[in-house]
Every structure is written in C-alpha cells, then in structure tokens.
Number of protein chains: 2
Amino acid sequence: MEKNTDTRLAIMNTTYQLIAEHGIQKASFALIAKEVGISKPSIYYYFDSKNDMIYQLFEQFCSEISFQHFFNAEHFTQEQFSTQLIEVGFQMIQEQANDPYFGNVMKEFLSLAARDDSYKGRFIELQQDYLKGFEQLLLKAADWSLIPLYSLTEKAHILALVIDNIGNFMMLDDTVDYRNIWKTAVQLVFLEDGLHG
Amino acid sequence: MEKNTDTRLAIMNTTYQLIAEHGIQKASFALIAKEVGISKPSIYYYFDSKNDMIYQLFEQFCSEISFQHFFNAEHFTQEQFSTQLIEVGFQMIQEQANDPYFGNVMKEFLSLAARDDSYKGRFIELQQDYLKGFEQLLLKAADWSLIPLYSLTEKAHILALVIDNIGNFMMLDDTVDYRNIWKTAVQLVFLEDGLHG
DNA sequence: GTCTATATCTTGATAGAC
DNA sequence: GTCTATCAAGATATAGAC
C-alpha cells in the first residue's frame, strides 16, 4: 500500500505551517483537517497517532538542517578557506531567513525535546554533528597552516554557538547585521597573530 | 487585601517546576493544585486565570536573568578587564547549571513568545539589553585602549551570542568544557594584534 | 480513501456553601 | 480562604458506512 500520496504531503506541509502559527498542542487534527480540506479521521489513514505524525515531521526537519547539508569539507580550498567559510555561513543564515516558519517550528521541537528523550536524543546527534563538524573543518585548516592547533576545539565550538544562535536572535531583532557578526567571528578565529600556548 | 501569602508562593514555585517537567500546557491547574496540596479553584483566589499566572511567572523569570543582574560595568577595572569578564561569564554559566529547571522553563517561554507578542516584546527587551550591554562594556574597554574600536559592535554581539547559547548547548551535551569556550571567546576579542580596519 | 457520528478524557473556569 | 460540585469547550481516537 503506497501512502506517500499528495494528501499525505498536504497534511505534513499544512501541519508544519500550523505548528509555526499556533504551536504543536493547538495544531489539532481538527484544525489541520479543516485547513487541508479533509475530515479529521482521514488523517488516521496516513498516521497512527498525533505523536507519530509529529515525530515524522521532526525527523524530516532534522535531516534538512544537518551540518553536512550546509558545510561540506571537500569544497574548501587552502587559498580561500576563511572566505568560503564566511560564504557558507551566509547561505545558512539566508536559507533560514527565507523560511518564515523555521524559527517557530524549531522552538516547538526544542520544548518537546526538553521532556521527551526521543526528540532529545536526535537533537544531541545534531548538536554533536555541528561541534565535531566545525572541529574537523578547522583541523583541515590547521593542516594547511592557516590556523594554529592551540585552542582549535574551543574556536570550533565558538563558531558552532554563533551560527546556531544567529537564527534565534534574528527572530526577535532584525535590525542587527548578522552576516557581519558571522564574518567577524570567522576572522577572529583565523587571525594570523592569534592565541598561542 | 494582601495576597503575597505562602500559598501564593507555593503555587508559583510548584508551577515553575511542573512547567520544567511537563511543559506549560500539561502543567494544568489540576496538577498544580494536587502538588501544592490545595483544591483547583483555590488557585483562582490568587490568579485571575492561567494566562495571568503564567505571565507573572514569566515577568519574575525575566527580571532574574537581566544583563545587569550579571554584568555590572562599574565592577570592571582597567588592569583586570578581560579576566573579570571571563569570571562573570563563569558565574552566569554556573548559576544556570545549578538550577535544573532553568533550561526547560526558558524553552517553554521561548515557544510561547513565538506566538504571543507580550512575551515576544519582553524577550526583545532582554536580548537588546545583552547586545547593548556588551557593546557598552567593550566601549569602556576601548576607552582604556584595551581593544580597538574597529569591529567593536560585532565583537560585542559575538560575546552575547556565545554566552547565551552556552546554556542551550549545556542542556544537551555536558561533556563539553563550556567555561573554556567562554574564556577563549573573550581572549579572541581582547587579542592585542586583533582585527584592524 | 474518505466520510459521519460518537466515545472518552482533560482542560480552564464558575457557582455557591462554609 | 478554601472547599465540593459542575459546566462547556476542545482534544485524541475509534466505529462503521460508503
């Protein structure tokens, strides 16, 4: 039985928007059904329960914001390393700014993760991907003698913290030049006369 | 009529914990009353509605995490500036780590703020306090020629993003040395041969 | 696949006695 | 101030016809 029909996609897309607008709890099957234009019990043909449906949405959400999705180590060159790192950060900031639902949905999933270990575990994976991912990236830069090994891990984590939190700050205050913050963060990490043991 | 009784405090403290454990929606008046050891309608003697009560808790929560609460510009000296900044950050990290409910409650309020402008407005105030606060702090350091004016605003914002997000990351992964990340971030900002125009 | 009808539970809130 | 009793609304989920 093939269940990846248009109806199923319509339910998931509509739910994504309704979660952003009203939160998970208030995005009821009644509301979703009304918005999609079907009856409430029809949703149960595609999903076992509301929990099941929310979790499938969550899995899809996570796969689209992985470290690898944005930062591919193979695309970095010795000559343009920091410039490329700045550019990829810009793309990430832009992509999240272009999806008006992204921030709200993220906040909903984060509050879910605070109380549910399934969600929490997935977020831990995601976070460690970013922490380790930036570390691998800077190690590559160190191989090319672009930065020293000293404090390399801490620098990687600073970049992870900054790029991650820019999205949160953007939601509340859009008068700040976040691209410039990211650019400065990368430049500080790649300073020639940087921190030394 | 004096309503700041022990019962009122018990209700608020219990609610704070229950929100951390079950989220705002599932922290029902029935559950709160049971936990406090009173009947459900008794809560209405102290609060007009659930919204009223949650918002009062939110106001108290916000006042306890203001920039001024941690970073008082008058306590910084020319000789020990960066060391003091590192130390105050350590205290902030420690204080949040000591309250096991803090992170979860914060996530709940953030998801509320995504859909309610009253909450959102208060969070914007808080965020701008931190952004402006760090900027004022670095301006003071610049007056003392401890850092150049170039990229000063961006550096201040980097510090705000890092210290704020450390709390979020700590919740998911406690194997990372977050104190060292903060220390490195401050050191990068205060590098003698830093960024220049 | 999609529907109508309905069961069951939980919620925030009120009435009114003491 | 605190209680018992109760209401109306909204939630998830199921039964069963088409």
Side-chain angles (χ1 to χ4, degrees), chain A residues 1-59 104-105 108-109 111-112 114-116 118-119, chain B residues 1-59 104-105 108-109 111-112 114-116 118-119:
Chain A
M1 192 184 300
E2 188 52 58
K3 291 198 176 179
N4 275 326
T5 65
D6 290 347
T7 306
R8 190 177 186 282
L9 285 176
I11 293 171
M12 293 200 81
N13 290 335
T14 300
T15 302
Y16 182 76
Q17 295 177 26
L18 289 176
I19 284 178
E21 288 172 34
H22 304 103
I24 290 176
Q25 305 251 6
K26 292 212 148 190
S28 66
F29 273 19
L31 184 60
I32 296 166
K34 183 185 160 196
E35 204 75 7
V36 175
I38 58 178
S39 73
K40 198 166 55 169
S42 291
I43 303 177
Y44 285 91
Y45 179 77
Y46 298 98
F47 303 94
D48 291 343
S49 65
K50 188 175 177 182
N51 280 345
D52 171 45
M53 179 188 162
I54 297 296
Y55 197 77
Q56 289 193 35
L57 205 58
F58 172 68
E59 284 285 4
N104 284 10
V105 173
E108 286 297 310
F109 283 140
S111 89
L112 246 187
R115 295 164 266 121
D116 186 314
S118 302
Y119 290 83
Chain B
M1 192 184 301
E2 188 52 56
K3 291 198 177 182
N4 275 327
T5 67
D6 289 347
T7 307
R8 191 177 186 282
L9 285 175
I11 293 170
M12 292 200 81
N13 289 336
T14 301
T15 303
Y16 182 75
Q17 295 177 26
L18 288 175
I19 284 177
E21 288 172 33
H22 305 103
I24 290 177
Q25 304 250 7
K26 292 214 147 190
S28 66
F29 273 18
L31 184 61
I32 296 166
K34 182 185 161 197
E35 204 76 7
V36 174
I38 58 178
S39 73
K40 195 167 61 169
S42 292
I43 303 177
Y44 286 92
Y45 178 78
Y46 299 97
F47 303 95
D48 291 344
S49 65
K50 188 174 177 184
N51 280 345
D52 171 45
M53 180 189 161
I54 297 295
Y55 197 77
Q56 289 191 37
L57 205 60
F58 172 67
E59 284 284 5
N104 284 10
V105 173
E108 285 298 310
F109 283 140
S111 87
L112 246 187
R115 293 164 267 124
D116 186 314
S118 302
Y119 290 83

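Side chains are part of it too, since the values below use all heavy atoms of this structure and drop only hydrogens, waters and symmetry mates. Quick note on labels: first sequence line is chain A, next is B, and so on, each numbered from 1.
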Looking only at side-chain atoms of [X], point me to the closest of [options].
X	options	answer
A/P41	D/dA15, D/dC3, C/dT2	D/dA15
B/F29	C/dC3, D/dG1, C/dG12	C/dG12
B/K50	C/dG1, D/dG1, C/dG12	C/dG12
B/S28	C/dG12, D/dG1, D/dA11	C/dG12
A/Y44	D/dT14, D/dT2, C/dT2	D/dT14
B/T5	D/dT4, D/dG1, C/dT6	D/dG1

With a 4.0 Å cutoff (strictly under), does any side-chain N or O of [X] reach OP1 or OP2 of [N]?
X	N	answer
B/T7	D/dT2	yes
A/Y46	C/dG1	no
B/S49	C/dG12	no
A/S42	C/dT2	no
A/Y45	C/dT2	no

Nearest heavy atoms of A/H22 and A/L31, plus distance in Å:
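Looks like ND1-CD2, 3.9 Å.
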Measure across A/I11 and A/F47 and return the closest heavy-atom pair with its distance rounded to 0.1 Å.
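A/I11 and A/F47 have their closest heavy atoms at CG2-CE1, 3.8 Å.
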Do B/L57 and B/I19 touch side chain to side chain, with heavy atoms closer than 4.5 Å?
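Answer yes - side chains close enough.
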Grab the [atom1]-[atom2] distance between [X] and [N] for me, whole Å please.
X	N	atom1	atom2	answer
A/N51	D/dA11	CG	P	15 Å
B/K34	D/dC3	NZ	P	16 Å
B/I43	D/dG1	CD1	P	16 Å
A/Q25	C/dG12	CD	P	11 Å
A/L31	D/dT12	CG	C1'	14 Å
A/K40	C/dT2	NZ	C1'	15 Å
A/I54	D/dA11	CD1	P	13 Å
B/K26	D/dA11	NZ	P	14 Å

Hey, what do you get for CZ (B/F29) to CD1 (B/I38), rounding to the nearest 0.5 Å?
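Here the rounded value is 9.5 Å.
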Keeping the roles fixed (side chain from A/S111, backbone from A/E108), state whether a donor-acceptor pair exists under 3.5 Å.
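Between the backbone of A/E108 and the side chain of A/S111 there is a qualifying donor-acceptor contact (under 3.5 Å).
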